[in-house]
> 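Here you go, one structure.
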Amino acid sequence: MNLALQDPFTVAKEFPDTLVHTLQYGHSVYIQFNRKGDYLASGLSNGAIVIYDLSTNTIVCVLSREGHVRPITSISWSHCGRYLLSSSQDWACILWDLQYANTDTNDGSNKAIVRRVQFDGPIWQACIHPKKPRVFTASLFENDPVYVNMENETEIRTLATEPVEKRTSDDENENDADADAEPVKKTNYKHMTLVTQFTTSGDYIFSGTSRGWLNIIDANTLQTVHLVRVTSANMKTLVFSPDGRKLAVNSSDRIIRQINLPDMVEEQNPDLWEFEVEHRYQDVVNRLQWNTVAFSHNSEFLVASTFGQSSQDLYLWETSMGTLIKILEGSHEELIDVKWNYNKCMIGSTGLDSGSIYLWLVQFPLKWSALAPDFVEIEENEEYEEKEDEFDIIDETDLMKRRLEEEDTQVDIATMDATDVRGFDTQIRSFVIPVNYELAVV
Amino acid sequence: MPELTESPSHKKTRLSADAQSPESSNDATSQPPIYKLKYTISGKNIGSLTTVKISADSKRLAVASSCGTIWVYNLTDNTLCATLTGHSKGVSAIAFSPNDSSILASGSDDLSIRLWNVETQKCLRILKKHTYHVTTLQFNTKGNILVSGAADETIVVWDLAQGNSLRTLSAHSDPVSCISLSPDDSLIASASHDGLMRLFDTETGQCLKTLVYNSTSHGTATASTSDVVNLPISNILFSPNGKYVLSSSLDGIIRLWDYMGNKVVKTYLGPEGAFISKKYNSGACFITKTSNPLVASGSDLLGLILWDLQSKKIVGRLDGDATIIDVATSDGGSILASCALTGTTNVYELI
């Protein structure tokens with residue numbers, strides 16, 4: 001409701017442009033906003049996870065007791081906002097229930113830990129199912145990716161990195177060095193899944209491999225239904241746009257590929273899917289690598305953090321033409337993770353050296369005219385012209401009567417606007433983390 | 001809330017009887033009753049009551065007194081479940097945490113705000129920053145922010161996760177009498193005895209809007225002419241959808257404002273055009289559970305008055321001609337509680 005009273009031109013801005021806040025607690029390596037955009041989870045290099053409330057920019061809870069002991073590699077929020085899935089270099093994934101984030105138990109156990117899943121190596125990243133908070137997929141270091149169902153007992157199923165049959169036929173068209181090799185030999189070279197992501201609907205899992213293959217796995221049957229080679233290098237990040245129609249593939253060949261996704265709900269036959277690369281984003285001059293990418297809410301913009309000590313900026317492109325429109329500056333160090341908070345029109349990023357979280361926002365100008373109802377901000381001086389009735393003396397009882405008579409309009413005090421001024425849903429019901437009123441969290 | 005200032009001695013325009021809207025002559029007694037008395041909590045004979053609140057889960061009712069004690073009752077059966085003592089002076093404002101009815105905040109004339117656990121009857125925290133009587137308190141919907149207003153003319157936003165103040169808004173030139181948060185927590189509306197109502201952005205603390213009601217057709221909030229009288233505002237409340245604010249001012253009139261359009265859309269007057277409150281900061285609230293939404297308010301000498309929101313007609317009166325200091329509702333008005341200056345609290349339920 002505050003937006004309706006702000007400067008309309010500033011409210012209409014579609015991307016943030018000013019570094020406003022820097023949050024510092026521990027060394028943050030990974031950040032994630034919840035769906036409503038009112039909380040920010042930050043994974044630290046010591047394995048702890050802290051959650052900030054973005055209305056105050058203060059910490060509401062710390063998840064560390066009985067938790068991870070090595071750096072966090074990924075965090076994902078459940079749709080409802082109550083559960084948080086974290087993965088770490090300590091070989092474990094933990095599902096947290098934030099209802100008990102601030103609950104103390106006497107026996108030293110942490111009630112907030114719903115389930116801990118132990119793997120045989122570090123985890124690249126894990127992704128929670130968009131509809132089922134107890135289902136997730138994870139990509140493992142030097143291992144095949146997994147699909148984990150924790151609805152009852154923890155059930156771990158391995159996903160294929162390369163279905164052999166499919167590979168033979170596809171490889172005939174490839175002029176890659178390995179293309180003419182026999183399928184049997186395929187296992188000889190290291191071909192690892194680096195990233196796995198659920199689509200926004202949760203029906204499919206997209207996984208990206210170290211050889212640039214994109215595998216599409218049906219989330220129900222767990223069979224690879226389609227695969228396509230996007231690049232020849234490592235896939236570092238897969239990011240879906242919020243509407244699920246675009247995919248950004250960040251690969252170590254210094255190019256971010258923006259792929260237009262086929263309609264996978266209407267067109268059920270995976271063989272007919274086409275993955276057309278819409279744009280390639282690269283810095284031709286500096287040959288920068290990209291650390292991470294993020295889409296804006298309507299996927300009209302794409303933001304990426306740049307690799308290397310020489311570069312300390314975020315690059316922001318417009319996605320329909322693929323032009324670079326803004327470089328977000330302000331941090332004095334290399335930025336690693338980057339995430340877009342849609343509802344608050346905010347971009348967050350983590351710094352490599354200090355581990356600070358930088359938040360870019362749209363900053364509203366101060367309006368002096370707000371301080372009195374008859375103040376008006378004007379561009380230049382105006383000649384004062386007295387209005388016809390400006391100093392007329394009106395009988396106050398008449399005035400009162402007239403005012404009362406004008407009040408015949410129906411007023412609606414109950415119906416909320418469904419969307420705010422920017423067009424975002426105001427009715428998102430999201431979990432509220434209980435506050436510990438007794439003790440300061442940190 | 002007890003009287004904060006003397007009834008203003010400014011030049012004031014008394015409304016003559018014929019200036020009243022014809023509706024107000026409507027006899028309230030001819031209407032079918034809307035509420036029936038559920039029970040009465042009698043006074044404790046120590047100080048007068050200042051405010052009443054019902055928790056968001058409709059489990060508890062709390063009343064505070066000018067002696068500094070807060071009593072918490074089970075709403076359903078009227079049993080006393082906690083007596084909170086600790087404030088050295090009168091308590092003018094209390095608020096339940098919206099997601100935990102065992103947490104209560106209280107603001108007192110001893111300049112402090114206390115957070116209580118009702119179940120253990122323990123004081124959890126003392127928040128100190130105000131330099132004069134704390135007059136008003138409200139939690140945000142997530143329960144992690146508390147906003148307080150005080151007679152030191154400031155509004156303080158507290159972060160309860162850390163237990164410290166986030167920012168101080170000082171934009172009034174007289175005691176802040178009441179604050180209200182919009183349903184999405186993005187705006188703080190404040191009312192002050194300087195006659196201004198201001199809307200602040202909760203996150204940045206910027207003033208986004210100022211509303212003022214002048215006694216004349218022209219004149220400004222800032223003009224120094226004696227013609228312009230800004231009447232002290234005693235109460236302010238956002239409508240359930242946050243599009244309007246309801247203001248009670250010490251000229252004895254309640255107004256509903258369309259704050260986007262800077263205009264009064266409804267004016268509520270007492271029976272026969274009488275003044276509602278010129279002396280006390282009588283609380284007001286919206287009732288949405290009835291077929292037509294209502295406005296309820298306490299008054300100086302007219303008991304609790306219920307108006308039809310649209311027609312501005314009085315549709316009910318409760319508590320006779322008692323001085324009603326505060327009213328509280330739960331669940332959109334299915335329960336209505338009123339506390340009288342004499343010390344009795346009446347709890348009504350919708351028929």
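Quick note: numbers below take in every heavy atom, side chains included, and nothing from hydrogens, waters or symmetry partners. Per chain, numbering begins at 1; letters A, B, ... match sequence-line order.
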> Less than 4.0 Å between a side-chain N and a carboxylate O, is that true for A:Lys367 and A:Asp7?
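No, this pair does not count.
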
> Looking at A:Val60, A:Thr409, A:Asp53, A:Asp408, which has the largest count of heavy-atom pairs under 4.5 Å with chain B?
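Looking at each of A:Val60, A:Thr409, A:Asp53, A:Asp408 in turn, A:Asp53 comes out on top.
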
> Report which part of B:Asn144 has an atom under 4.5 Å of a heavy atom belonging to chain A: side chain, backbone, both, or neither.
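It is both, since atoms from each part get that close.
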
> Looking at A:Thr415, A:Val411, A:Leu54, which has the largest count of heavy-atom pairs under 4.5 Å with chain B?
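Most heavy-atom pairs under 4.5 Å with chain B: A:Val411.
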
> Please determine whether side chain to side chain contact (heavy atoms under 4.5 Å, CB included) holds for the pair A:Glu14 and A:Ser296, giving the CA-CA distance in whole Å, both sets of side-chain angles, and the decisive distance to 0.1 Å.
CA-CA 9 Å; A:Glu14 292 187 274; A:Ser296 73; over 6 Å; no

> Can you confirm whether A:Tyr358 sits close enough to A:Leu328 that some side-chain heavy atom of one is under 4.5 Å from a side-chain heavy atom of the other?
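No - every pair of side-chain heavy atoms lies 4.5 Å or more apart.
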
> When only pairs under 4.5 Å are counted, which of B:Leu124, B:Leu115, B:Asn117 shares the most heavy-atom pairs with chain A?
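Heavy-atom pairs under 4.5 Å are most numerous for B:Leu124.
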
> Could you tell me whether A:Asp97 and A:Arg82 make a salt bridge, using a distance below 4.0 angstrom between a side-chain N and a carboxylate O?
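So A:Asp97 pairs with A:Arg82 through a salt bridge.
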
> Please determine, by modelled atom types, if B:Arg255 and B:Thr267 share a side-chain donor-acceptor pair under 3.5 angstrom.
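There is no such pair (donor and acceptor under 3.5 Å, judged by atom type) between the side chains of B:Arg255 and B:Thr267.
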
> Most heavy-atom pairs under 4.5 angstrom with chain B, which of A:Thr426, A:Leu5, A:Val432?
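Among A:Thr426, A:Leu5, A:Val432, the one with the most close pairs to chain B is A:Leu5.
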
> What part of A:Asn436 gets within 4.5 angstrom of chain B, counting heavy atoms only: side chain, backbone, both, or neither?
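Contact with chain B: backbone only.
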
> Against the six-membered ring of A:Tyr39, is B:Lys142 placed for a cation-pi contact (under 6.0 Å from the centre, within 45° of the normal)?
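Positive - B:Lys142 is close enough to the ring of A:Tyr39 and near enough to its axis.
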
> Check whether the side chains of B:Ser97 and B:Asp100 place a donor and an acceptor atom closer than 3.5 Å, and report yes or no.
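On atom types as modelled, these side chains do not qualify, holding no pair under 3.5 Å.
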
> With a 4.5 angstrom heavy-atom cut-off, could you sort out which part of B:Leu208 is near chain A: side chain, backbone, both or neither?
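B:Leu208 touches chain A through backbone and side-chain heavy atoms alike.
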
> Considering only heavy atoms and a distance below 4.5 Å, find which of B:Lys243, B:Arg125, B:Lys209 pairs most often with chain A.
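Max contact count across the listed options: B:Arg125.
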
> So which part of A:Asp38 gets closer than 4.5 Å to some heavy atom of chain B, the side chain, the backbone, both or neither?
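The answer is both parts of A:Asp38.
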
> Quick one: which of A:Asp17, A:Thr10, A:Thr18 gives a side-chain contact (heavy atoms from CB on, under 4.5 Å) with A:Gln363?
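Answer after filtering A:Asp17, A:Thr10, A:Thr18: A:Thr18.
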
> Below 4.5 Å, heavy-atom pairs only: which of B:Phe200, B:Phe238, B:Tyr259 has the largest tally toward chain A?
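Counting heavy-atom pairs under 4.5 Å, the top option is B:Tyr259.
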
> At a 4.5 Å cut-off on heavy atoms, which part of A:Leu3 comes close to chain B: side chain, backbone, both, or neither?
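For A:Leu3, no heavy atom lies under 4.5 Å from chain B.
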
